[in-house]
Amino acid sequence: QVQLQESGPGLVKPSQTLSLTCTVSGYSITMNPYSWSWVRQPPGKGLEWIGAIRYSGDTYYSPSLKSRTSISRDTSKNQFTLQLSSVTPEDTAVYYCARGVSVAATRDEYEYDYWGQGTQVTVSL
């Protein structure tokens with residue numbers, strides 16, 4: 001019933017801002033107890049949590065990416081958005097949005113139950 005769909009440009013130039021939108025159906029992003037995360041997987045590497053927005057609207061970010069990450073939402077469209085600024089080729093990855101429940105007081109660990117299919121984003125000239 002719950003479905004997530006990532007959308008946005010597949011190619012971003014270095015120094016520009018990566019912007020992706022996750023459209024959610026089947027569950028309101030404002031309903032407790034869920035949080036909505038962005039996760040990425042660079043080629044040949046494991047999953048990396050980027051950040052999340054809680055049902056309350058509070059946001060949480062990976063320390064390594066916090067300075068250039070912004071997650072926001074449009075509740076009228078049941079969407080949440082990732083913006084990652086000043087990108088480099090190291091930001092090339094498959095980007096996923098996912099629903100999860102916070103399992104740590106620090107709000108940086110989640111138990112996920114629904115995922116989008118992922119979208120490839122390449123940072124290149």
Side-chain angles (χ1 to χ4, degrees):
Q1 183 178 10
V2 180
Q3 294 184 323
L4 294 81
Q5 179 77 249
E6 304 91 344
S7 62
L11 181 64
V12 184
K13 296 183 183 300
S15 81
Q16 295 187 339
T17 296
L18 182 160
S19 183
L20 297 173
T21 296
C22 183
T23 300
V24 180
S25 62
Y27 200 90
S28 173
I29 62 174
T30 67
M31 289 186 180
N32 65 295
Y34 293 103
S35 295
W36 306 86
S37 287
W38 287 100
V39 182
R40 70 180 183 181
Q41 186 170 34
K45 299 182 180 180
L47 295 170
E48 178 186 20
W49 179 73
I50 301 168
I53 186 164
R54 207 171 178 222
Y55 61 88
S56 63
D58 293 339
T59 54
Y60 306 89
Y61 303 107
S62 170
S64 64
L65 299 170
K66 183 177 181 178
S67 65
R68 56 191 186 99
T69 303
S70 179
I71 296 174
S72 58
R73 66 182 184 177
D74 184 337
T75 58
S76 68
K77 297 180 179 179
N78 213 39
Q79 296 176 330
F80 63 104
T81 300
L82 169 68
Q83 292 193 309
L84 183 66
S85 65
S86 304
V87 298
T88 73
E90 293 183 1
D91 293 310
T92 294
V94 177
Y95 285 75
Y96 300 90
C97 56
R99 187 180 82 165
V101 177
S102 176
V103 295
T106 51
R107 309 294 188 188
D108 60 355
E109 297 178 18
Y110 298 88
E111 187 78 23
Y112 299 107
D113 57 359
Y114 289 96
W115 293 74
Q117 81 287 346
T119 186
Q120 172 71 46
V121 179
T122 299
V123 179
S124 176
L125 292 171

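Given the structure is predicted, the values throughout are model-derived calculations rather than measurements.
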### Task
Apply side-chain contact (heavy atoms from CB on, under 4.5 Å) to Asn78 and Ser28, showing your working.
CA-CA 6 Å; Asn78 213 39; Ser28 173; 4.0 Å; yes
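- Considering only heavy atoms from C-beta on, Val121 stays 4.5 Å or farther from Glu6 through its side chain.
- Side-chain contact between Gln120 and Thr92 is present, with at least one heavy-atom pair separated by less than 4.5 Å.
- Connection of Trp49 to Tyr61 is not established within any shared hydrophobic cluster, with ILVMFWY side chains joined at heavy-atom distances below 4.5 Å, either directly or through further cluster members.
- From Ser35, atom OG reaches atom CG of Asp108 across 11.5 Å, with rounding to the nearest 0.5 Å.
- Counting all heavy atoms, side chain and backbone alike, Gly8 lies closest to Leu20 at CA-CD2, 3.8 Å.
- Side-chain atoms of Tyr60 do not come within 3.5 Å of backbone N or O of Arg54 as any donor-acceptor pair.
- Under the 30°/60° scheme for interplanar angles, the aromatic rings of Tyr96 and Trp115 are found to stand perpendicular.
- Rounded to the nearest 0.5 angstrom, Arg40 CZ and Lys45 NZ are separated by 8.5 Å.
- Between Trp38 and Leu84 there is no side-chain heavy-atom pair separated by less than 4.5 Å.
- Between Ser124 and Leu11, some side-chain heavy-atom pair lies under the 4.5 Å cut-off.
- Of the inter-residue distances, the one linking Tyr114 atom OH with Cys97 atom SG reads 14.0 Å to the nearest 0.5 angstrom.
- Arg107 contributes atom CZ, which lies 12.0 Å from atom CD of Glu109 (distance to the nearest 0.5 angstrom).
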### Task
Would you please test Val24 and Arg99 for side-chain contact (heavy atoms from CB on, under 4.5 Å) and show each step?
CA-CA 9 Å; Val24 180; Arg99 187 180 82 165; over 6 Å; no
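- Of the inter-residue distances, the one linking Ile29 atom CD1 with Thr23 atom OG1 reads 9.5 Å to the nearest 0.5 angstrom.
- Using bins of under 30°, 30° to 60° and over 60° for the plane-to-plane angle, the ring pair Tyr27/Tyr34 lands in the perpendicular bin.
- Taking both residues in full, the closest heavy atoms of Thr17 and Val12 are given as O-CG1, 4.0 Å, listed atom of the first, atom of the second, then distance.
- Side-chain contact between Ser7 and Thr119 is absent, with no heavy-atom pair separated by less than 4.5 Å.
- No path of Ile, Leu, Val, Met, Phe, Trp and Tyr side chains, each step under 4.5 Å between heavy atoms, connects Tyr112 with Leu4, placing them in separate hydrophobic clusters.
- Arg68 contributes a side-chain N or O that, together with a main-chain N or O of Ser85, makes up a donor-acceptor pair within less than 3.5 Å.
- Hydrophobic clustering keeps Leu47 apart from Val103 (ILVMFWY residues linked when any side-chain heavy atoms are closer than 4.5 Å, directly or through intermediates).
- Within the 4.5 Å cutoff, the side chain of Thr81 has no heavy atoms near those of the Asp74 side chain.
- Val39 and Leu18 fall into different hydrophobic clusters, where Ile, Leu, Val, Met, Phe, Trp and Tyr residues are linked whenever their side-chain heavy atoms come under 4.5 Å apart, directly or through other members.
- For the atom pair OH of Tyr55 and CZ of Arg73, the computed distance is 10.5 Å after rounding to the nearest 0.5 Å.
- Looking at heavy atoms from C-beta onward, Cys22 lies out of side-chain contact with Trp36 at the 4.5 angstrom threshold.
- Ser19 and Pro9 make their closest contact through O-CD, 3.5 Å (heavy atoms, listed as atom of the first residue, atom of the second, distance).
- Looking at heavy atoms from C-beta onward, Ile50 lies in side-chain contact with Tyr95 at the 4.5 angstrom threshold.
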